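Right, one structure below, let's go through it.
Convention: sequence-line order gives letters A, B, ...; per-chain numbering from 1. Treat the numbers as computed from the prediction; the structure is a model and nothing was measured.
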Number of protein chains: 2
Amino acid sequence: MNDALRAGVETFAPLYIEVKRLITQGLIEGEWQAGAALPSETRLAQRYHVSIGTIRRAVDELVAEQILVRQQGRGTFVATHDPKRLLFHFFHVVRNDGVKEMPEPEMLAFERDRADTAVARRLNLLPGERVFRIRNLVRLAGEPMILDELVLSQARFPDLTEKIFREREATVYALYQTRYGINVVRAAERLRATAAERASAKLLNVRPGAPLLEIHRTAMTYHNTPVELRTSLVNTAAHEYWSDFGKA
Amino acid sequence: MNDALRAGVETFAPLYIEVKRLITQGLIEGEWQAGAALPSETRLAQRYHVSIGTIRRAVDELVAEQILVRQQGRGTFVATHDPKRLLFHFFHVVRNDGVKEMPEPEMLAFERDRADTAVARRLNLLPGERVFRIRNLVRLAGEPMILDELVLSQARFPDLTEKIFREREATVYALYQTRYGINVVRAAERLRATAAERASAKLLNVRPGAPLLEIHRTAMTYHNTPVELRTSLVNTAAHEYWSDFGKA
DNA sequence: AAGTGGTCTAGACCACCAT
DNA sequence: TGGTGGTCTAGACCACTTA
């Protein structure tokens with residue numbers, strides 16, 4: 001594109017970074033929906049007036065970030081939130097012997113609330129903005145194992161109701177993606193050990209004061225924009241949190 | 001290299017993977033020591049009879065794995081275990097407000113033992129092989145915060161003594177690297193919540209039964225070969241474990 | 001000024017998938 | 001058979017470091 005696309009951009013970046021930004025923009029604007037195929041690399045090269053090598057460099061990074069998926073001979077696709085992706089990329093609790101079990105969530109409460117300063121900061125909202133608070137009990141192999149609370153901006157999920165959330169057919173992130181066009185692409189997690197309070201202990205079937213793993217997650221969409229806060233309490237008597245999935 | 005280097009290799013892999021393997025082999029054999037510069041990409045291309053593009057592809061991956069470090073205009077270097085690398089890549093405990101504090105370890109015990117079946121499996125040893133067990137109390141900002149136990153194969157660290165370990169000048173991984181030529185390049189960690197036992201509680205200055213974060217780490221060198229097991233007990237009253245460093 | 005890594009190009013050939 | 005991604009090449013030019 002030789003400066004054509006760069007015109008008007010103050011700060012110059014490598015071409016492949018610009019191309020990556022343009023592709024991401026297309027994803028944000030819904031030009032390519034989840035599961036859809038992108039144009040072939042040849043066509044993308046024509047469209048952005050760069051060589052195929054530059055396209056490949058940009059797509060390489062989006063594939064590394066698990067935003068796109070390449071399939072040789074078929075094409076390049078927008079990653080979808082199927083159960084497999086959830087398990088491998090966003091769910092890190094594993095049985096002691098290494099077996100991954102599919103989480104089975106049950107909604108306990110669905111409330112409307114307002115963001116305090118901490119929530120506002122972490123969700124990029126103003127203090128006092130409306131949020132949903134949703135509590136779930138998650139079972140593994142039928143046993144209650146995780147208690148979590150989600151916080152979402154009402155502005156971002158305008159018509160979300162308790163019924164929609166409870167009766168969804170797929171994972172929570174698939175709901176965000178299909179109904180609201182919000183594609184969660186990354187999650188940052190912070191962990192600590194804590195003691196079970198009476199209410200949590202009862203739900204998780206442990207004694208009050210028992211050690212639980214507390215996980216604070218911020219789930220993000222493109223450009224690291226936060227869209228969901230989640231606090232999980234995990235009974236790690238027979239399970240562990242695996243910190244390094246995926247690498248080599 | 002057009003099949004020249006591939007001759008004798010049964011299972012064909014892309015050239016850049018072969019080149020990556022050859023460079024890694026050079027690192028294992030000590031051809032390039034920690035901190036040293038590799039030959040320039042032009043020279044590597046000549047040496048392995050491939051184009052510069054293929055060299056770059058191989059080096060790209062080693063850089064992504066933090067095994068090599070590129071510096072434009074200067075060259076490509078073997079990553080060293082300086083305090084900064086430790087903090088950013090291998091030490092995930094951070095103060096609640098996000099400030100990273102440099103860990104200050106104090107050796108408590110240095111013992112010789114034999115591997116039980118679990119240790120043997122995780123360290124790729126035979127049950128009964130000799131190991132070191134080293135316990136440390138780690139302070140953050142002067143306060144006791146982490147209790148850890150390392151398990152190392154005596155065969156891998158032949159002349160290691162209590163004195164050498166205690167009087168080392170740099171980090172543990174720098175010691176492995178400079179004295180034994182073992183470069184720790186990756187660590188896998190599994191976490192759980194546990195209750196403080198009497199002895200640990202006393203050392204960490206918490207009450208018995210207080211929740212502690214238990215971290216099981218396997219530190220690995222090239223080809224995911226395990227070289228160190230480490231179990232840490234962390235007081236997370238004012239600290240957290242950050243799970244996703246480094247990404248975007 | 002010389003040498004290094006960083007970007008970008010254009011094109012060849014291969015492996016795989018759909019039809 | 002035609003289209004897709006995957007690999008590999010050769011070379012140009014740029015940005016940065018060192019001397």
Worksheet item: Are the side chain of R85(B) and the backbone N or O of D82(B) linked by a donor-acceptor pair below 3.5 Å?
Response: no
Practice prompt. Give a yes/no answer on whether the side chain of S40(B) brings an N or O atom under 4.0 Å of OP1 or OP2 in dT4(C).
Written response: yes
Fill in: d(OH, Y16(A); C1', dG6(C)) in whole Å
8 Å
Practice prompt. Return yes if some donor-acceptor pair links the side-chain N/O of T221(B) with the main-chain N/O of N183(B) below 3.5 Å, else return no.
Written response: yes
Discussion item. So, does T54(A) get its side chain near the phosphate of dT9(C), meaning an N or O under 4.0 Å from OP1 or OP2?
Written reply: yes
Worksheet, complete the sentence: Between CD of E41(A) and P of dC13(C) the distance, given in whole Å, is 19 Å
Worksheet, complete the sentence: Result for ring-ring contact (aromatic ring centres under 6.0 Å, His included) between Y180(B) and one of F157(B), Y173(B), F165(B) points to F157(B)
Worksheet entry | Polar side-chain atom of D97(A) near backbone of V99(A) as donor-acceptor pair, under 3.5 Å | yes
Item to complete: Indicate, with a heavy-atom threshold strictly under 4.0 Å, whether T76(A) touches base, sugar-phosphate, or nothing.
Response: sugar-phosphate
Discussion item. What is the separation between atom CD1 on I52(B) and atom P on dG11(D), rounded to the nearest whole Å?
Written reply: 10 Å
Discussion item. Would you say the rings of F90(A) and H81(A) are close, in the sense that their centroids are separated by under 6.0 Å?
Written reply: yes
Worksheet item: Within this structure, what is the CD1-to-C1' distance between I17(B) and dC14(C), rounded to whole angstrom?
Response: 17 Å
Worksheet, complete the sentence: Separation of dT7(C) atom C1' from D60(B) atom CG, nearest Å, is 12 Å
Practice prompt. Round to a whole Å and report the spacing from CG of L44(A) to C1' of dG5(D).
Written response: 12 Å
Item to complete: Send over the distance from Q46(B) CD to dT4(C) P, rounded to a whole Å.
Response: 10 Å
Item to complete: Have a look at the helix from dA1(C)-dT18(D) to dA18(C)-dT1(D) and give the angle its two end axes make, five pairs each, rounded to 10 degrees.
Response: 10°
Item to complete: Please answer whether the main-chain N or O of L213(B) pairs with a side-chain N or O of R192(A) as donor and acceptor at a distance below 3.5 Å.
Response: no
Fill in: Heavy-atom closest contact (G35(A) atom, F77(A) atom, distance)
O-CD2, 3.7 Å
Fill in: Rounded interatomic separation in angstrom, taking CZ from R70(A) and C1' from dG3(D)
16 Å
Response to the item:
Scoring nucleotides 14-19 of chain D by protein non-hydrogen atoms under 4.0 Å (B base, S sugar-phosphate only, - none) yields -BBSS-
Practice prompt. Look at all strands and tell whether R57(B) reaches a base, only sugar-phosphate, or nothing, counting heavy atoms closer than 4.0 Å.
Written response: sugar-phosphate
Discussion item. From C-beta outward on R43(A), which listed nucleotide comes closest to its side chain: dC8(C), dT4(D), dT9(D)?
Written reply: dT4(D)
Practice prompt. Could you tell me whether a side-chain N or O of S232(A) sits under 3.5 Å from a main-chain N or O of V234(A), the two making a donor and an acceptor?
Written response: no
Discussion item. Both R56(B) and I55(A) contact DNA chain C. Taking the nearest nucleotide for each, which residue is further toward the 5' end?
Written reply: R56(B)
Worksheet entry | Beyond-backbone contact of D148(B) with R217(B), side-chain heavy atoms, under 4.5 angstrom | no
